[in-house]
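For reference, the structure discussed in these notes is given below.
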Amino acid sequence: MKISERPLIATAAIQERIHELAAQIDKDYKGKHPVLLITLSGAFFFAADLARQLHETVQIEFIRAQSYSGTQPGPTVRITSAPEASMTNRHVILIEDIVDTGRTATAIIKHLQTQRPASIAVCALLDKPSRRAANSTPDYVGFTIENHFVVGFGLDYDGLYRQLPAIYVMT
Ligand code: 5GP
């Protein structure tokens, strides 16, 4: 496996889109002080850039879920690290790197619902709707992509390539 020579999504395009998403979130969450619940590890670059483009005051929390090994999605998702802060009555925006089958987002939402947040939305840098298995559509999407396995901008292949500043396809 190797990464494509040219990026699928260039750095400048990612940054421009993050700026637009931040403007939309600022508008939708004005005065609500939402929680940005960042899915580790893949969403950390996206979340860091998005958070710093927001004018709205947010609380940053992290959650870790495991569902994937290599390039095949596993059938189950486990929450391996949950936020210590309470999500009760909070407006939660779940930040994901990519929504693929949708199982991770669905499992995290189910986990969060036990705490009765005021609202839950999903914001994903990438959306791969062709592979959706669970009934889960992100509320905010950076880019919709075809059924590629992508790396970079936080997304890895066996722990590697997260540091790439653009999105590349594994071929
Ligand atoms: P889902 O539960 O929606 O199938 O998958 C979500 C997780 O699978 C993502 O957070 C990500 O870690 C991993 N994943 C899905 N598609 C890709 C991909 O194209 N590239 C990488 N690096 N990870 C992916």
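One-based numbering, in listed order, for ligands and for the atoms of each. Quantities reported herein were computed from a predicted structural model and do not represent experimental measurements.
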If you measure from [atom] to every heavy atom of [options], which option wins on shortest distance?
atom                    : options          : result
atom 20 (N) of ligand 1 : V150, L155, N147 : V150
atom 14 (N) of ligand 1 : I98, L126, L125  : I98
atom 22 (N) of ligand 1 : V151, I145, D156 : D156

Would you check if [X] and [Y] make a side-chain contact, meaning some heavy-atom pair closer than 4.5 Å?
X    : Y   : result
I25  : V58 : no
C123 : L50 : yes
I14  : D49 : no

Using a 4.0 Å cut-off to any heavy atom of [X], which atoms of ligand 1 qualify?
X    : answer
T104 : 1 (P), 2 (O), 5 (O), 6 (C)
K128 : 16 (N), 17 (C), 18 (C), 19 (O)
E96  : 10 (O)

If you measure every N or O of F149 against every N or O of ligand 1, does any of those distances drop under 3.5 Å? no
Looking only at distances, please establish whether an N/O atom of ligand 1 is found under 3.5 Å from an N/O atom of V99.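 No, V99 has no N/O under 3.5 Å of an N/O on ligand 1.
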Between D97 and ligand 1, find which residue part has any heavy-atom pair under 4.0 Å and reply side chain, backbone, both or neither.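 Near ligand 1, D97 shows its side chain, while the N, CA, C and O stay back.
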Can you tell me how the ring of F149 sits relative to the ring of Y157, calling it parallel under 30°, perpendicular over 60° and tilted otherwise? perpendicular
Please state whether the rings of H91 and Y29 are parallel, tilted or perpendicular, taking 30° and 60° as the class boundaries.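 Ring orientation, 0 to 90° scale: perpendicular.
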Under a heavy-atom criterion of less than 4.0 Å, does Y157 contact ligand 1? no
